[in-house]
Amino acid sequence: SAFFSGSETGFYRISFLRVTIDAESGDKAAKKIQWFAQNPGYFVATTLVGNNVANYVTTMAISLILAVASVSHSGWMEIVATLLVSPLIFVFGELLPKNLYYRAPLQLMRRDIHWFALFYRLFLVASFPLIGIAKWFERLSSLENRPRDLVLGKNRLVQVFSEGQHAGLLTDVQSRLGHGVMALSTQRLGNSVTPTDRVLGVAEVTSREEMLAFARKYGISSVALHRKEAPHDWFGYVRVLDILSDRRVSLNFVRTMPEIAITDSRLDAMLTLYEEGVQFGVVKDGEVTVGVVSAHGLSEQMFRAGSTPGTNLGL
């Protein structure tokens, strides 16, 4: 009873991501666990039959002991004995093993899976009807023949990252990065855009000295540029490093900001910036310039939840 009750809890508690990785590395115990994970109906049927057999054997043992030890064949003795033994069965056959398997599912399942596979073969004839019922329900729910380990929707990916971190396969930074990428893939630019009237920049005809003074005043490493007669028409930027490397300020120093639609996701915007090899992009709503988005700001949002955009281009 303890074996089957504990195995049931361990099976649902175990990290199947870790089991899959161990199985791919050639671990025989992990391969057996993986097989049952891919065919859960066989595991459940074996567990049900095993528990019922254990309970039947326990009840029969109580009756045989009373028959040998007692001269009386009255039914009340059997009832009293069953009531006295039931707490012991509950504690040591149900409660304690379930707690142990809950706390160390992988270790105990790896130790006991060979015995479980043996009982699966022994009980196969008795569990076959239960397996047939499970398969019937799978057909009704359109789950038959689906590659369970390949169905990785967003929710499943979140679970994989959580399991990977819990199992020690991913560091905290890697897990946060994975969650951040998935979050950026569905979120629109929205609040990640610095509005046109809050972008720190100057006109395209500004002199070298004025650009350096502006960058020094606001503590930024890049200065945005707008058209001479259109203060909100941002089109490029100049890095302070480029200005300092040469005394001339020419159009060769100007890095053009690619246009990004306001309807794009944050992840799409970040990929566009990295593909273009620039740090900033101008966000458009049709023909109207909405603001500027920063690759650095988008990258920060992958590592922290509830992040807000910078208030200027230099962040």
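Computed from a predicted model, the values in this text were never measured in an experiment.
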Okay, side chain of [X], backbone of [Y]: is any donor-acceptor separation there less than 3.5 Å?
| X | Y | value |
| --- | --- | --- |
| T206 | V202 | no |
| D27 | A30 | yes |
| Q34 | A23 | no |
| W234 | T196 | yes |
| S127 | L130 | no |
| R110 | A29 | no |
| D268 | D264 | no |

State yes or no: do [X] and [Y] share one hydrophobic cluster built from I, L, V, M, F, W and Y residues joined by side-chain heavy-atom distances below 4.5 Å, directly or via other members?
| X | Y | value |
| --- | --- | --- |
| F128 | Y42 | no |
| L88 | V91 | yes |
| L118 | I131 | yes |
| L96 | Y102 | no |

Within the 4.5 Å heavy-atom criterion, are [X] and [Y] side-chain neighbours or not?
| X | Y | value |
| --- | --- | --- |
| W115 | Y120 | no |
| E94 | S1 | yes |
| L200 | V223 | no |
| Q279 | L273 | no |
| L225 | M211 | yes |
| V283 | V292 | no |
| T194 | S294 | no |
| V53 | F4 | no |

Taking all heavy atoms of [X] and all of [Y], pick out the closest pair and write down the distance.
| X | Y | answer |
| --- | --- | --- |
| V278 | T256 | CG1-O, 3.8 Å |
| P105 | R13 | CG-CG, 3.5 Å |
| S222 | V240 | N-CG2, 4.3 Å |
| F11 | M109 | N-SD, 4.1 Å |
| S5 | N51 | OG-OD1, 3.5 Å |
| G277 | R255 | O-NH1, 4.5 Å |

Once you round to the nearest 0.5 Å, how far does [atom1] of [X] lie from [atom2] of [Y]?
| X | Y | atom1 | atom2 | result |
| --- | --- | --- | --- | --- |
| M270 | E275 | CE | CD | 10.5 Å |
| D233 | T289 | CG | OG1 | 5.0 Å |
| N52 | T47 | CG | OG1 | 11.0 Å |
| T9 | L100 | OG1 | CG | 10.5 Å |
| D285 | I262 | CG | CD1 | 6.5 Å |
| K228 | E204 | NZ | CD | 8.5 Å |

Aromatic ring pairing F119/F3, orientation class (parallel under 30°, perpendicular over 60°, tilted between):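 Plane angle between 30° and 60°, so tilted.
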Geometric class of the Y237/F280 ring pair [parallel <30°, tilted 30-60°, perpendicular >60°]: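 If you compare the ring of F280 with that of Y237, the planes turn out perpendicular.
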I260 and V293: CA distance, side-chain angles, deciding distance, side chain to side chain contact (heavy atoms under 4.5 Å, CB included) verdict: CA-CA 9 Å; I260 301 173; V293 65; 3.9 Å; yes
Centroid-centroid distance, F116 to F36, less than 6.0 Å: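 Between F36 and F116, which both carry aromatic rings, the centre distance is below 6.0 Å.
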Intermediate values then yes/no, side chain to side chain contact (heavy atoms under 4.5 Å, CB included), H114 and K32: CA-CA 8 Å; H114 301 292; K32 290 185 178 181; 2.9 Å; yes
Face-on cation placement of R227 at F235 ring, 6.0 Å and 45° thresholds: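 Yes, R227 and F235 form such a contact.
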Derivation of the salt bridge (Lys or Arg N to Asp or Glu O under 4.0 Å) call for D22 and K31: CA-CA 8 Å; D22 290 344; K31 287 183 178 180; over 6 Å; no
